[in-house]
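Both backbone and side-chain heavy atoms feed into the values below; hydrogens, waters and symmetry mates do not. Values in this document were obtained by computation on a predicted structure and should not be read as measured data. Chain identifiers are assigned alphabetically (A, B, ...) following the order of the sequence lines, protein sequences preceding nucleic acid strands; residue numbering begins at 1 within each chain.
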Protein chains: 2
Amino acid sequence: MSTPVVLTKSPADLSLIATQFKALGDSTRLELIMSVAASATSEACVCDLTPNTGLTQGTVSHHLRILVEAGLLKRSQRGKWSYYSLTGAAHGILTSLNIAIPLHLSKPANC
Amino acid sequence: MSTPVVLTKSPADLSLIATQFKALGDSTRLELIMSVAASATSEACVCDLTPNTGLTQGTVSHHLRILVEAGLLKRSQRGKWSYYSLTGAAHGILTSLNIAIPLHLSKPANC
DNA sequence: ATCTTACATTGACAATCATCAATTTGAGTA
DNA sequence: TACTCAAATTGATGATTGTCAATGTAAGAT
C-alpha cells in the first residue's frame, strides 16, 4: 500500500521529462554525464571523455549532442576545444536522486 | 559555472539507475506510471489503463512488464485482474523530482 | 463442461538507435 | 598559404524497440 500523491506536471513538462529520462537511460550517456559532473572544473572536453568510454570520438560526440539536446549538458567552445558542463536541470536531477551530492551543501537533518 | 559534486553510486547502482531511466524514457510508460500514481487506490489494472493510451491491450501489457522489470511497478493479481502499483523506488523518483507530491507530507520551508 | 473475461505472450514489421569508419568543419599554427 | 588538431557530421550496418494482430492462459460465470 503506497502513499497517495498529487501530480504536478503538464503534458508538455512530461514530454521534456521523458526526453531527459531517455537521454539518461543509456549506460554510456549516464557515464558521460557522471564524468562531467565529477571533473574538477565541472566541465570536460571530448578528448578527455572519449578514452574512458572505449568508443569512437564520433560516437562520444553523438552522445554528447543528445545530452545537450535534452537540456542536460551545455557546450562552450574555446579555441579548438568543446567543453561540456551540466545544466541546472541535470544538476537538479542528479542531486535530487542523490546520485551526486553538492560539496557545499549541508541540509538540516529533518529534510 | 556549476557547483562541484561528489558521486555516490557504484557501477552496479548506475546500471540499475540507467535501466530505470530507460524505462521512464518513453512517453507511454511515463503516462502509465503517472496514471497508476494518480489513481485513487494507488493501483490500477490493465483494463483501466489501456483506454487512455490509444494502444492495444497487448502493447500496454508489454510496457507494464518493462516497468515491473525495472523495479518501478509491482504486480498483484486478484481474480482475473492484475493490479499494478508503484514500488518504493518509483515513489522515490517521482517525489524527489517533484513530479508527484505525497499528500501527507509537508516540508519545512527551508528545504 | 462450456463460455466469457482479463491479461500475457508470440511473431512479424517498421522505426529508432548505437556504433564505426570516413569525411568535413573550423580554429589555431608554422 | 598550407598544415595540424579537436570536434562535428555523414553514411552504412546491425541491434533494439514500439506496435499490432493473433493466439494462449487462467480465472470466474453460466
J.: Nearest-nucleotide wise, let me know which of A:Lys22 and A:Gln77 is further upstream toward the 5' end of DNA chain C.
T.: A:Lys22
J.: Using a strict cut-off of less than 4.0 Å between a Lys/Arg side-chain nitrogen and an Asp/Glu carboxylate oxygen, indicate whether B:Glu43 and B:Lys74 qualify as a salt bridge.
T.: no
J.: From C-beta outward on A:Thr28, which listed nucleotide comes closest to its side chain: C:dA27, C:dT19, C:dC7?
T.: C:dT19
J.: Starting at atom CG of B:Leu64, determine the distance to atom P of C:dC7, rounded to an integer number of angstrom.
T.: 10 Å
J.: Would A:Arg75 count as a cation-pi partner of A:Tyr83, with NZ or CZ less than 6.0 Å from the six-membered ring centre and within 45° of the ring normal?
T.: no
J.: Starting at atom NE2 of B:His62, determine the distance to atom P of C:dG11, rounded to an integer number of angstrom.
T.: 15 Å
J.: Does a side-chain N or O of B:His63 approach OP1 or OP2 of D:dT17 to a distance below 4.0 Å, or not?
T.: no
J.: How would you label the contact of A:Gly79 with the nucleic acid (heavy atoms, under 4.0 Å): base, sugar-phosphate, or nothing?
T.: sugar-phosphate
J.: Check whether any side-chain nitrogen or oxygen of A:Thr59 sits under 4.0 Å from OP1 or OP2 of C:dC20, and answer yes or no.
T.: yes
J.: Please determine, for the side chain of B:Asp26, which listed nucleotide (D:dA7, D:dG18, C:dT19) has the closest atom?
T.: D:dG18
J.: Does A:Ser82 have a side-chain nitrogen or oxygen under 4.0 Å from the phosphate oxygens OP1 or OP2 of D:dA8?
T.: yes
J.: Using every non-hydrogen atom in the two residues, find where B:Gly92 and B:Thr95 come nearest and quote the distance to one decimal.
T.: O-OG1, 3.3 Å
J.: Using side-chain contact (heavy atoms from CB on, under 4.5 Å), reason through B:Leu72 and B:Ile33 one step at a time and then give a plain yes or no.
T.: CA-CA 8 Å; B:Leu72 296 169; B:Ile33 213 170; 3.9 Å; yes
J.: Atom CG of A:Leu73 and atom P of D:dA8: how far apart are they, to the nearest Å?
T.: 11 Å
J.: Going from CD1 on B:Ile66 to CG on B:Leu73, what distance comes out if it is rounded to the nearest 0.5 angstrom?
T.: 11.5 Å
J.: Does a side-chain N or O from A:Arg78 land closer than 4.0 Å to OP1 or OP2 of C:dA27, or not?
T.: no
J.: On DNA chain D, does the nearest nucleotide to A:Trp81 precede the nearest nucleotide to A:Arg65 from the 5' side, or the other way round? Give the residue.
T.: A:Trp81
J.: Rounded to whole angstroms, how far apart are CD on B:Glu69 and C1' on C:dA8?
T.: 12 Å
J.: State which of C:dA6, C:dC7, D:dA6 makes the closest approach to the side chain of B:Lys80.
T.: C:dA6
J.: Tell me: CG of A:Leu55 to C1' of D:dA7, nearest whole Å?
T.: 16 Å
J.: Taking N and O atoms by type only, does the side chain of B:Gln57 place a donor or acceptor under 3.5 Å from a partner on the base of C:dA6?
T.: no
J.: Can you see if the side chain of A:Tyr84 gets near the phosphate of D:dA8 - specifically, an N or O under 4.0 Å from OP1 or OP2?
T.: yes
J.: Choosing from D:dA7, D:dG18, D:dC20, which nucleotide comes nearest the side chain of B:Thr56?
T.: D:dC20
